[in-house]
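Each chain gets a letter, A, B and so on, in the order its sequence line appears, and its residues count up from 1. The analysis underlying the following values was restricted to heavy atoms, covering all of them including side chains, and did not include hydrogens, waters or symmetry mates.
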Amino acid sequence: MPGKLKAKIVAGRHLPVMDRASDLTDAFVEVKFGNTTFKTDVCPKSLNPQWNSEWFKFEVDDEDLQDEPLQITVLDHDTYSANDAIGKVYIDIDPLLYSEAASVISGWFPIYDTIHGIRGEINILVKVELFNDLNRFRQSSCGVKFFCTTAIPRCYRAAMVHGFVEELVVNEDPEYQWIDRIRTPRASNEARQRLISLMSGELQRKIGLKVLEMGGNAVVGYLQCFDLEGESGLVVRAIGTACTLDKLSSGSAPNTNTHIHPNTAPASNACNSPSKDGKESPLAHGCRSTHNSPVHSACSSQRLSQNFSVSVPTLIFTGMGSGGSAGKEAGPLKTLLRQQTQTALEQREFPFFTLTSFPAGFLVHVGGVVSARSVKLLDRIHNPALGNTRSYKLLDWNSVTADEPETRDAWWEEIRQEIKSHAKALGCHAVVGYSESTSICEEVCILSASGTAAILNPRYMREGCLDIGSTDHRFEEPSPPSCGFCHIPYDEFNMPFPAQLTYCYHCRRQKVPDVLFTTIDLPPEASVTGKGCLIQARLCRLKKKAQGEVNATAISNLLPFMEYELHTQLMNKLKLRSMNALFCLHIQISVGENMLLGLASATGVYLTALPAPGGIQIAGKTPGDLSNEHHILTIQKRINDTIAKNKELYQINPPELTEETVGSPIPEPRQRHRLLRSHSESSDELSELDLSHGKKDAFVLEIDDTDALEDIHSLLTDASPPTGFYSCNTEIMPGIFNWTSGVQMFTSVRVLRLSNANLTNQGLNKTFTDLCENLLKSFYFKLRSMIPCCLCHLKFTVAVPEEELIQVTVTAVAMTFDKDQSQEKLTEKPTTKGSTETEEQLQFPLELSTDLSTNMQTSNKISGTVSLLTPAAKLYQNQLIMVHSAGVPESTTVSPRAASVDYGSFADRCSTWLELLKMKAHTIRRGSVKTSRRTQSLAHPVSSLDRSSPLPEGRSRSLRSNRSFGGSSVPVVKMTPVSFLPGTRIIKYLGIINMFFIRETTSLREEGGISGFLHSFIAEVFAMVRAHVAALGGNAVVSYSMKECVLMENPNKNQAQCLINVSGDAVICVRETDQEPPSVANIGQTCCSSADGAT
Amino acid sequence: MAVELDVFVGNTTIMDEEVYQLWLDGYTVNDAVKVRMEGGVMDECEASADVLQSDTMDQYRTFQMCERLLHSPAKLANQLLFQIPPHRQAMLIERYYAFDDAFVREVLGKKLSKGTKKDLDDIGAKTGVTLKSCRRQFDNFKRVFKVVEELKGPLVENIRHHFLLSDKLARDYAAIVFFANNRFETGKRKLQYLTFQDFAFCAGQLINSWTVGALDNQVEDMDVDLDKEFLQELKELKILISDKDLLDQHKSLVCTALRGKTKAFNEMEANFKNLSRGLVNIAAKLTNTKDVRDFFIDLVEKFIEPCRSDRWTAGDMRLYLTHYTNSAHILDTFKHQVVWDRYMGVIKSCIFKMYHD
């Protein structure tokens, strides 16, 4: 009996009137855990009852503790008839199960009813007493911490990153059980809520077990999703990254510098880590994958990898056109089998990471985006007549559950293999920023996975955990952090796709592509010119209504065209903004009955290390036509104007570099490429792709039909945000450093009904684009009081809930920043960069002098700010001190590590003697130059500045910042989709928040229509999240996300139903200035240290 | 292409004060959008009419959801549904309970009943306040009335505590409750020149000095009902006009004090007996509920109008009433000094306030 759960019901307030006669309520409470139920006394005739109950004690297994929620039901006592339920509270007690987190749950919880919404509040106290369990065959995984945050949580240090963990559980959806026909909607909703709560608990426990087996103690970047597959069931699946985290002692840790320096997590630490099980990999799913022969219920699958620097995506059509028949499927099946045998031998794990930002030094090189999609047909219970492998599912779901996850597992397994092979093709051994998603319409399901191929520093991983060949040791050699990740990881002369390579504009030593696409956050150390912006590609494609395999085939035939179009749009928009890299790229393809929606969102930036993007040139198809010519000229002018305007808007003014100074040893004219418009109808796309790789002067758009014209128009109609606003879908805006504490998280949902008259692809595209643009405009308008501010982490989700309906759900946070200081930075930045750049025009730059000049520049900058004596400047200096002290010992550790580099092993990867020579020279320099490391660490304080704005509160604080107001009895809980709150420091993670709610109404009109219904539901969900966080003792939710918002309505019946799933990390944060006010002594020190740095 | 659904929910509830005011004033969404467009808010953020429409709809929905809470403002502070910073909460409440002086002037002293509520459209038409706004204001009066009716303790304090209103607004509500309870006549043509603020001031005076609560602050309805004993005692003041000697003595004392100090001296001397009779008679009749209702009309008819026709200035009025009150203390045979002071203190300040055009 490893645990004792205790609950106490204190009081209620604002209860609804349940007895019309007396206008009062006779309330009592049922407390249920597992199969045990306790009741309080009835508190007669009160809307604010005081029960003050005894402690109800449940003695339970810790397995149950992890799976089950504590269920509290408030009822109205009725002498003559059945007691009426007022509402329920589900409390996830998981946060109480690990020692460092919350010790008690105590507070007011909204009493929630799926039909009536929030009906009053109840005050509850919950405690858990855990006994030590030494049983090694245990099924529970108490103590494993879960984080939604896709970075190493602040206030922790990653001792080791173990890698990918995944799990899924399947059950029948209560909504589709036979009993649903006879039970009330309330009972059905509650059964569903309870089931999902149970399933998430089970899932988390199972993942926790895997983590323990791997020797880890935490899951970071935990992403849990639901697939409501309708009649074929309910899938709850999760992925995450297993880590061993050490808590940083709050006193000594450089709190503002949240990114762990490489030297704080040295390789030796990995050996000391608690995991003793060295090389054995007990991963359950690894074994499963071997015997799990691909039970394909897929009728067809196609995948596609998108690589950076592509004028065209590299399309790898493994399952293209294999319309579901077994014969056609044989080909890809074989390859898959072969792959699987290989993997069974040499590999036990997917080298995937759900993280999107990393400790400095973790990410060595980034290859590009890899993605895979697969169209599957869901099994149908009532259709056993289909007769092939996929209809094996029996009516009795209990007997099926054992097999069912295997099928889904196999599906995902297949996709992950695909991703892995794409990454390999890019010369990468790992995938970072990895995520998975599904889109379901009727029985068709699109599974998608995407990530960024990358090469990681193996220091963080257990030996043998990753598929790292010895050749990869060369990547341990430190390359400049501000550009190193841009350098190509693959072989220059054996490129997986056509790309233009140039020498890095920052370090001049290694090759970089002309464009870089990634799914990760911008590495904080990356050097960026100007600001970034949100770039979206939107696309609608009509398709015929169809059933089963025909439908699936139609969809899988459409997918590559959609991906291609989205990619082209992204590319064009990127060029139009004069930028050269995309971060946090997220492509969502949503399937409806008669259309497919594609939405790609990313944050565009100008990476200083990458070449400047060429312009866009318009070409007509028929050059003779004069009027056409004129038309083209006007369009060209508009495009050029837009590019110029955007350059100004995003402050992109990179140092001008002439071709001669590039100093590339391989004389290589800067290649630009052109892209032919792809006609969606054309079938010979592959040949066209080959043609497209020409050497033209600019990115060419050919106008050969109205189609292309429309596209160009839509390209130009994207409005830039109004003055004072920025937007991005990364955690923070590249180029903004001084966040103030104003934070406003919001969720917005819009549903558009298409008029069914003559829908065309063009018309739809326009409608869809307008919908997204208008949403953004609305946000800008609503949040105008926060100017200057930036909409960060904008997450758009599209869905086609019904025929002719398009639903867009957006969650984001508006964060204020200090405008003056950002300008100050801006004026400084280009000059700094510029001079660094000129230094580096030497063919073999003398690193010492370059570093010195950077140091000089930095210290100049500092003295400039000192005279202003702004609090920010003071703090900035504080950070410098810390970094300097950290930087000095670091430089001593550099040389031995550099010396251990095995030249022979990477010789084969160096394709030319020239490169080898260069590298040798490079390494030798490394060993002797001490100061080089210092600049590297100097880059950190700047980057950490933008993450955690050290600006003290009260300085230009927005009205909306709502702390420190006394008198209110409800504690303020801030929410943000970002992993931190500006101006604050997270001192404790209290546990994961993962909540699922259903709301239903049979009086839609009375609740203000569908908008009124959803508005109050979302507000209720926020309220419940806040209440749970507050009860855990927290004051904020970070990494918050709304993962599901499924809305169904039937206005004729006056009914609607909505399901919402939200998650996040409950935290306690304190103001950054609370414990470390910049003192005078520090300033003095800074002057010394900055002077020291200059020498 | 119809927008089927459009919502925006912030973790901190976003409320635009301008839109809130439009909502309170009873504008429809479309009218509010028009007003906002004319106000130039569109230029602020490159907004379009659609954006404005969507924003207005959102805010209206938010306000509607909040309205239930505003009915018992204490709930607003400890509800969990909306996260609203306290200063915004205070703004929401204060504005929700604010009222139009023109409207309140119409219902002042009327019974807060269904009958009155039916006449709201007429009042709305007369005052130019939308019916929706009239209803909100009327319901506010009624709600406050109902809550404080059953409470012990000082009226203003109770209102301020229960409805979390500012002191000023709480006092105004106290006046409204007081007038509604005692059903003072305020609608007569002769009283039309008086503003709500005039009446509110008088109500404050009456509450402070003439109610039960003026002596004992733990009685029920202490500030709403006039002190019955005091009203009885007021009858004793009749001696001032019924006793011929006393009246003459009083007159000569006042006239001596006033002589040479005002241009209106002759009129004062001539009218002294009439005016004194007027004031004392009002006092003596206050035991009748009917006469309590006519208190203000009597003040105007018996005192203010005669003075006004004699062209007294405000200064004359002040001088006259001060000496009139004080001289009574010198009369040896007049034994009701305490009652006199309690009566005249209120009458003086009421008349000062009411003596204007």
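Proximity to chain B (any heavy atom under 4.5 Å) is shown, for A:Tyr1040, by neither the backbone nor the side chain. Using a 4.5 Å cut-off between heavy atoms, A:Leu771 makes no contact with chain B at all. Only the side chain of B:Asp16 comes within contact range of chain A, with heavy atoms under 4.5 Å apart. A:Glu1049 touches chain B through its side chain: at least one heavy atom from C-beta onward sits under 4.5 Å away, while N, CA, C and O do not. Using a 4.5 Å cut-off between heavy atoms, A:Val973 contacts chain B through both its backbone and its side chain.
Dense packing is recorded around NZ of B:Lys142, with more than 12 heavy atoms of other residues, nucleotides or ligands lying under 6.0 Å away. A:Phe997 CZ: more than 12 foreign heavy atoms inside a 6.0 Å radius. Annotation for A:Met1042: atom CE counts as buried by contact number, over 12 foreign heavy atoms lying within 6.0 Å. Counting non-hydrogen atoms of other residues, nucleotides and ligands closer than 6.0 Å to CZ of B:Arg68 gives a total of 12 or fewer.
Listed by chain and residue number, B:Tyr20, B:Trp23 satisfy the ring-ring contact (aromatic ring centres under 6.0 Å, His included) test with B:Phe63 (two or more places apart in sequence, or in another chain).
Atom CD1 of A:Ile1010 sits about 12.5 Å away from atom CG of B:Asp6, to the nearest 0.5 Å. Distance check, rounded to the nearest 0.5 Å: CD of A:Glu804 to CD of B:Glu4 gives 10.5 Å. Atom NE2 of A:His14 is separated from atom OG of B:Ser72 by 7.0 Å, given to the nearest 0.5 angstrom. Expressed to the nearest 0.5 Å, how far CZ of A:Arg784 lies from CG of B:Asp55 amounts to 6.5 Å. Residue A:Lys782 holds its NZ atom at 5.0 Å from CD of B:Gln59, rounded to the nearest 0.5 Å. Rounded to the nearest 0.5 Å, atoms OG (B:Ser54) and CZ (A:Arg750) are 4.5 Å apart.
A donor-acceptor pair is defined here as one N or O able to donate and one able to accept, closer than 3.5 Å; such a pair exists between the side chain of A:Ser748 and the backbone of B:Val7. A:Arg1026 places a side-chain N or O within donor-acceptor distance of the main-chain N or O of B:Leu80, the cut-off being under 3.5 Å. Put simply, the side chain of A:Ser778 never gets that close to the backbone of B:Val51: no donor and acceptor are under 3.5 Å apart. In this structure a side-chain-to-backbone donor-acceptor pair under 3.5 Å is missing from A:Arg13 to B:Lys75. Remark: the backbone N or O of B:Gln79 is not paired with any side-chain donor or acceptor of A:Glu121 at under 3.5 angstrom.
Taking both residues in full, the closest heavy atoms of B:Asn11 and A:Gln744 are given as N-OE1, 3.3 Å, listed atom of the first, atom of the second, then distance.
Interface remark: of the candidates B:Leu52, B:Asp50, B:Asp58, B:Asp58 forms the most heavy-atom pairs closer than 4.5 Å to chain A.
Against chain A, no residue from residues 168-179 of chain B qualifies, as none has a non-hydrogen atom under 4.5 angstrom away.
When only modelled atom types and interatomic distance are considered, A:Ser1016 and B:Arg61 share no side-chain donor-acceptor pair under 3.5 Å.
You'll find the side chain of B:Val3 stays beyond 4.5 Å of the side chain of A:Val751, heavy atoms only. Residues A:Val1021 and B:Val9 have side chains not in contact (no heavy-atom distance under 4.5 Å, counting atoms from C-beta outward). You'll find the side chain of B:Gln83 stays beyond 4.5 Å of the side chain of A:Val970, heavy atoms only.
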Intermediate values then yes/no, side chain to side chain contact (heavy atoms under 4.5 Å, CB included), B:Thr12 and A:Val972: CA-CA 9 Å; B:Thr12 305; A:Val972 171; over 6 Å; no
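Using the six-membered ring where Trp is involved, A:Phe746 and B:Phe8 have ring planes that are parallel, under 30° apart on the 30 and 60° scheme.
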